[in-house]
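The structure under discussion appears below in the form of structure tokens.
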There are 2 protein chains.
Amino acid sequence: MTEEIKVLIVDDHQLIREAWTAILQMTNRIKVIGTAETAEEAYEVCSIYRPEVVLMDINLKNSNGFDATEKICNSLPKTRVIGLSLHDDVALVKKFLSKGAKGYLSKNTSREELVAAIDAVMNDKIYLAADIKEKFINQIIDTEKPAEKELTNKEIEIVTLISQGFTSKEIAEKIFISVRTVETHRHNILKKLNIPNAAQLSSWAKDKGYI
Amino acid sequence: MTEEIKVLIVDDHQLIREAWTAILQMTNRIKVIGTAETAEEAYEVCSIYRPEVVLMDINLKNSNGFDATEKICNSLPKTRVIGLSLHDDVALVKKFLSKGAKGYLSKNTSREELVAAIDAVMNDKIYLAADIKEKFINQIIDTEKPAEKELTNKEIEIVTLISQGFTSKEIAEKIFISVRTVETHRHNILKKLNIPNAAQLSSWAKDKGYI
DNA sequence: TCATTTTTAAGTAGTTATACTTATAATTAG
DNA sequence: CTAATTATAAGTATAACTACTTAAAAATGA
């Protein structure tokens with residue numbers, strides 16, 4: 001009998017935290033040592049209780065899970081972080097893995113797969129959900145359309161604000177830069193993503209989980 | 001010992017279906033008789049297995065849970081539908097309840113509250129999550145802003161197109177009306193909803209499930 | 001350190017959106 | 001049938017957005 005695997009669950013919805021705890025507790029090999037609501041809380045719990053695996057929802061309320069993942073992976077390299085998200089976007093997954101995460105699951109994965117993923121990362125393997133693997137392959141095959149360019153942090157910040165309906169002027173006042181700078185970012189963003197206007201950008205941002 | 005309460009879970013994410021099943025099975029008074037991914041499937045399962053309670057996620061992939069709820073409540077009045085959503089929007093909740101639902105929970109509710117809600121609706125009570133109740137009260141207190149006006153069918157059609165990023169000109173060509181007419185609709189929509197621009201409208205429309 | 005990327009800013013121009021108002025035909029509800 | 005609502009269209013004016021270019025300070029990475 002091996003020891004129990006210590007897991008931390010990070011999600012901003014109580015019902016989901018409790019539900020995942022429940023299904024992990026059903027196996028007697030995994031022990032949920034705690035849950036966290038925010039990125040900050042997640043890091044604190046990690047540094048104190050040293051879980052072996054962290055299940056991290058990407059779409060947290062105030063922060064986006066990326067920073068917390070990076071921080072945890074850098075300072076506690078023994079901790080394996082597995083990402084979980086409703087939005088299975090390839091670029092997002094890549095970015096997440098680049099932060100040091102060891103796995104990625106969509107919410108379409110089964111209970112068995114969740115446990116399999118935990119076992120995999122415990123054996124120092126990278127685990128990707130089947131449907132995400134498939135998307136990766138599809139994107140590689142799709143040589144026609146060039147890979148979607150990645151947005152910079154500032155651009156993401158501005159995308160979020162545009163998508164919420166703020167005008168360039170309002171954004172400028174809000175983050176203390178010139179209106180012209182906001183307009184430049186705006187233009188660059190639309191060009192990078194090949195999107196014609198703010199309405200469609202807003203729709204895009206929602207799909208990606210930026211809002 | 002009372003009989004077990006038969007529950008159906010409707011959500012388009014497997015992991016969430018399994019997780020909720022797990023926490024409900026932990027009580028030995030509730031039995032999850034099945035799960036469904038889509039609105040159609042939900043209705044079919046209901047008409048065959050006659051669950052006493054249906055836990056319905058509003059944000060389903062292709063349909064928005066409203067039609068399924070209405071259909072179930074009309075043809076199987078003994079079935080109590082409880083709505084579950086990430087978006088705890090007051091107008092949405094009202095609409096959902098008007099379709100015949102008996103309860104509404106946000107994903108911030110606890111496991112205990114989930115069970116309490118099921119017990120409540122079994123006793124023919126209406127159950128609203130604490131945070132949603134609060135929002136209801138806040139909106140009533142907010143006498144300043146009048147209740148959100150409803151959009152006409154044409155307006156909804158145009159909202160959908162605007163939100164997808166089509167310009168007024170494109171919409172005009174697409175549905176064979178004058179650009180000026182589209183602009184009039186556009187203006188009326190923003191005024192009715194008290195929304196300042198297309199980007200925010202797009203966000204709004206996504207939340208409402210119009211796209 | 002050096003090269004690259006990012007963030008900042010502004011110029012010029014054309015397009016689209018938003019805010020109001022007015023108005024008529026078509027449809028719908030009582 | 002009549003009244004109200006809805007869908008249609010246009011006028012006028014202002015604000016905001018989008019396209020494209022140039023450019024320099026700042027941050028980042030190798």
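We use all heavy atoms of the structure for the numbers below, so side chains are in, but hydrogens, waters and symmetry mates are not. Chain naming here is simple, since letters A, B, ... match the order of the sequence lines and numbering starts at 1 in each.
- Contact check on B:R186 versus B:E183 returns no salt bridge, with no Lys/Arg side-chain nitrogen under 4.0 Å from an Asp/Glu carboxylate oxygen.
- Rounded to a whole Å, the CG atom of B:N197 is 12 Å from the C1' atom of D:dA15.
- Listed candidates were D:dT18, C:dT7, D:dC17. Nearest to the side chain of A:S168 is D:dC17.
- Checking C:dT7, C:dA9, C:dA17 against every side-chain atom of B:T167, the shortest atom distance belongs to C:dA17.
- At the phosphate of C:dA10, neither OP1 nor OP2 sits under 4.0 Å from any side-chain N or O atom of A:T181.
- For B:L151 and D:dT6, the CG to C1' distance is 13 Å, given to the nearest whole Å.
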Reading nucleotides 21-30 of chain D from 5' to 3' and marking B where a protein heavy atom lies under 4.0 Å of the base, S where only the sugar-phosphate is that close, and - otherwise, the string is ----------
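- In this structure, the CD1 atom of B:I195 is 16 Å from the C1' atom of C:dA19, given to the nearest Å.
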Check: protein-nucleotides 12-14 of chain D nitrogen or oxygen pairs below 3.5 Å:
unit_1 : atom_1 : unit_2 : atom_2 : d
D:dT12 : O4     : B:R180 : NH2    : 3.3

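- In this structure, B:H185 places its NE2 atom 17 Å from P of C:dA19, rounding to the nearest Å.
- Here OG1 of B:T167 is found 11.0 Å from CD of A:Q200. Values are rounded to the nearest 0.5 Å.
- For the side-chain contact (heavy atoms from CB on, under 4.5 Å) test with A:L15, the passing option among B:L105, B:L84, B:N108 is B:L84; the others fail.
- Of the candidates B:K102, B:K78, B:R80, B:D124 forms a salt bridge (Lys or Arg N to Asp or Glu O under 4.0 Å) with just one, namely B:R80.
- Counting non-hydrogen atoms of other residues, nucleotides and ligands closer than 6.0 Å to CG of B:N153 gives a total of 12 or fewer.
- A cation-pi contact, defined as under 6.0 Å to the ring centre and within 45° of the axis, is absent between B:K6 and B:Y49.
- Distances shown here put a side-chain N or O of A:S178 below 4.0 Å from the OP1 or OP2 atom of C:dA10.
- Axis angle, first five pairs versus last five pairs of the helix from C:dT1-D:dA30 to C:dG30-D:dC1: 80°, rounded to 10°.
- At D:dA16, one or more side-chain N or O atoms of A:K169 fall inside 4.0 Å of OP1 or OP2 (strictly under the cut-off).
- With contacts defined as side-chain heavy-atom distances shorter than 4.5 Å, the pair A:L128/A:L97 qualifies.
- The NE2 atom of A:H187 lies 12.0 Å from the CZ atom of A:R180; values are rounded to the nearest 0.5 Å.
- Picking from C:dT8, D:dC17, C:dT16 the nucleotide with the shortest atom distance to the side chain of A:K154 gives C:dT8.
- Taking atom CD1 on B:I162 and atom P on C:dA17, their separation rounds to 8 Å, with Å as the unit.
- Each of A:I175 and B:L190 has a nearest nucleotide on DNA chain C; the 5'-most of these lies closest to A:I175.
- In this entry the distance linking CG of B:N153 with P of D:dT8 reads 12 Å, nearest Å.
- Note: CD1 (B:I158) to C1' (D:dT6) measures 12 Å, nearest angstrom.
- When the shell of 6.0 Å around CG of A:N194 is examined, it contains 12 or fewer heavy atoms from other residues, nucleotides or ligands.
- When distances run from any side-chain atom of B:I177 to the nucleotides C:dT8, D:dA9, D:dC17, the shortest one goes to D:dA9.
- A salt bridge links A:E157 with A:K154: the distance from a Lys NZ or Arg NE/NH1/NH2 to an Asp or Glu carboxylate oxygen falls below 4.0 Å.
- Atom OG1 in B:T184 sits 9.0 Å away from atom CD1 in B:I158 (nearest 0.5 Å).
- Atom CD1 of A:I156 is separated from atom P of C:dT7 by 10 Å (rounded to the nearest Å).
- For the side-chain contact (heavy atoms from CB on, under 4.5 Å) with B:V10, the qualifying choice from B:V54, B:D57, B:I72, B:V81 is B:V54, the only one to do so.
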